[in-house]
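Because the structure is predicted, anything quoted here is derived from the model rather than measured. Order of appearance sets the numbers: ligands from 1, and atoms from 1 within every ligand.
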Amino acid sequence: MKTIGCFVILLALFAACSAPVDETERKINDLLSRMTTEEKIGQLFQVSLDNTVDERALQAIREGKMGSVINVVNPAVANTLQKAAVEESRMGIPIIFGRDVIHGFKTLAPIPLGQAASFDPQLIHDCARMSAVEARSVGIHWTFAPMLDIARDARWGRIAEGFGEDPYLTARLGVASIQGFQADGQLADSHALAACAKHFAGYGAAEGGRDYNTSNIPPLLWRNVYLTPFEHAVSAGVATVMVSFNDNDGIPSSSNKELVKTILRDDWHFDGLVVSDWTSMDEMIAHGVAKDLKDVALLSIDAGLDMEMVSPAYLLHLAELVKEGKVPETAIDNAVRNILRIKFRMGLFDRPYTDTSVPPAFYTEESLQLARKAAVESAILLKNDGDLLPLSETQKIAVIGPMADAPHDQLGTWCFDGDKTHTVTPVGALKGEYRHINYIYEPALAYSRDKNTARFDNARRAAAAADVAVVFVGEEAILSGEAHSLSNLNLIGVQSDLLKAVKSAGKPVVLVVMAGRPLTIERDLPCADAVLYNFHPGTMGGPAILDLLFGRANPSGKLPVTVVREAGQIPLYYNHNNTGRPAPDKVTTLDEIPLEAGQTSLGNTSFYLDSGRDPLFPFGYGLSYSSFEYSNLTLPGQMPADGAITIKATITNSSRTDGTEVAQLYVRDMVASVARPVKELKGFQRVWLKAGETKEIAFELTASDLAFFGRDLVRKIEPGEFTVWVGGDSNAQLKGVFSIPK
Ligand code: GLC
């Protein structure tokens, strides 16, 4: 009797679990069966509108010619457009409204590269949640984030928008971001945003770091590095994927069938919607792979793109291609299915309208405190000679530089809806909660590109009259982000000269950088006793930076990207292959070369005569007011082929200051069927330690963490020896070895 009861329960559970999926698919098939070809094609069309009710748009919506709208952020306008779709069109299919809500809607957290420096998935999750709540309140359903492009080239302006150079870190933080946007899998939650894994794929490998340029990623690197974060995003249930502008080895992503159909759909079983990037489909004409829009429509639908962002190829030519028998109607049905599936999962059929009875809650105290916490955790202390920092709140401070009071530029790129009047800058904080600080303010430059040195003497005098000078420099927001590549990564304009002028006053100097990318600041370091680096810290960057400068907070940020000495070193990243001629730790550089040096006297290995082998600061690097010592690494000698091992180490805060350390685990596969990187991040954890405290930390490492794609493009785990390191950056020295037996 008992067995039968259990069976009935299991059957009921199965029925319950399976019903919503079947029910949704049933509804989709029912709609499809009643839609005309034109109405199906209308669902594939995404239009960008402004916040005015456009009669032509309303008419197109009533005719079923618009499946999605982007860039409307007025809920009343959104509801009017939605009414035309739901109540005045034949099929009543709701519109899905999209917007770039990248690092906040109104309350802005640091740019994603800054958030990545926190190595704090929970923080990234919470910032995405905050963004979703604010964005949904104005009728946005879908954000085009997170950007998961691996970026190894700081010349590329969009390095600002991703989580850096490492696939493991990008995957972990990308998943956290998706869960935050999508309300932890509750996509029908009224405060969920459909997330979008973008830009699929290889966009960050643009040749020369020049945006939109060709990438040349070979199949192994594709799978072992660039696709990794996207695969994790799909496994985490990301609702949508956006293809990228670039061609990879001559194939634009908008027509890359292997990428979209074979890998994304067949291998990863993605069942959400794939959207083009902004006119990326049309741009296949410029790429030279399509002769006209009809060709574009054919290539794109064949590659599996469901929705066309703002260009009209599908709308104008798909019906014709079906009539000509060149495109089967089933291809269109599949695209419509993917779009309707997301609309159903978001509950848009049940709740298509935005509740405007409750005014949106922007810049709440809770949001501002989260933005401040994010800015604190995102700041990276790169230098602190003589423990100059933290400063005393009784010291007299000279506050200098164009980024000390730059409410717009502090927000960074992709802050379409952020309101600079809510930005609290460092000077704003000094006028507010830090008004007890005795300071002199001399911007000296009006903005980062300003070349007017007329006020440099004022700056020097201000420094001379103070106990310490804090110089705020970096990049205006416009100098990073989309289409904003730089060939020179030095502090732009005459900011380095300003720093020199301030240093000439003979007082200690703190350099505070706010930028959208890692800049080549080696030449500035001699003028700075301490350096605090912030990737555009967002709305609350000012108070956060002062919290750190005065020790109310202790820096814990770590570099998510390598800081090179010279742009000419690029690409230079930590998880590189060893090559057959790796350079030794000590290499002969320019000034050391003897006259008439023999041809091979400098050693034939891989380095630069002028800038050596190493970067200025390595991936994972960041100082603290505390000091952390690592010891006692222990691990089993062997890992069973299908199992896991636990790697333990001791970490001690040997200072008198409580602090948080991001402990990192790196692994190297010593010998494999293809060359594997000299090390790869395979774990990290934020560890809080009181002054003098010692803790044991543990990392779980599974065999699947060591899997890679081999020559046959099959993912595998190979037996052999592995080295592990545990430490505070990618130059960690505490190491151990284990093996996977044959
Ligand atoms: C842009 C970007 C993409 C963005 C889209 C919509 O060109 O490449 O990241 O989401 O257009 O604004």
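- An N or O contact shorter than 3.5 Å links His199 to ligand 1 by distance.
- Using a 4.0 Å heavy-atom cutoff, Met242 is listed among the residues neighbouring ligand 1.
- Among all protein heavy atoms, the one lying closest to atom 2 (C) of ligand 1 is Glu482 OE1, 3.2 Å.
- The salt bridge (charged side-chain N to carboxylate O under 4.0 Å, His left out) test with Asp306 singles out one residue from Arg265, Arg341, Arg337, and that residue is Arg265.
- An N or O contact shorter than 3.5 Å links Arg158 to ligand 1 by distance.
- The Phe144 neighbourhood of ligand 1 comprises atoms 10 (O), with distances under 4.0 Å to a heavy atom of that residue.
- At least one side-chain heavy atom of Leu681 sits under 4.5 Å from a side-chain heavy atom of Tyr574.
- Salt-bridge formation is not detected for the pair Lys373/Asp126: no Lys NZ or Arg NE/NH1/NH2 atom is positioned less than 4.0 Å from an Asp or Glu carboxylate oxygen.
- Every atom of ligand 1 is numbered from 1 in the order shown, and the set under 4.0 Å from a heavy atom of Trp278 is 7 (O), 11 (O).
- Between Asp277 and ligand 1, an N or O atom pair is found at a separation short of 3.5 Å.
- Each of the following atoms of ligand 1 lies closer than 4.0 Å to a heavy atom of Phe245: 7 (O), 8 (O).
- Looking at Glu482 and Tyr212, their side chains do bring a donor and an acceptor atom within 3.5 Å of each other.
- Some N or O of Asp100 is nearer than 3.5 Å to an N or O of ligand 1, by distance alone.
- Partner of His536 under the side chain to side chain contact (heavy atoms under 4.5 Å, CB included) criterion, out of Arg517, His103, Met403: Met403 alone.
- Taking the six-membered ring for Trp and the full ring otherwise, the centers of Tyr573 and Phe619 sit at least 6.0 Å from each other.
- With a heavy-atom cut-off of 4.0 Å, Lys198 touches ligand 1 through its side chain alone.
- Taking the six-membered ring for Trp and thresholds of 30 and 60 degrees, Trp156 and Tyr203 have ring planes more than 60 degrees apart, a perpendicular arrangement.
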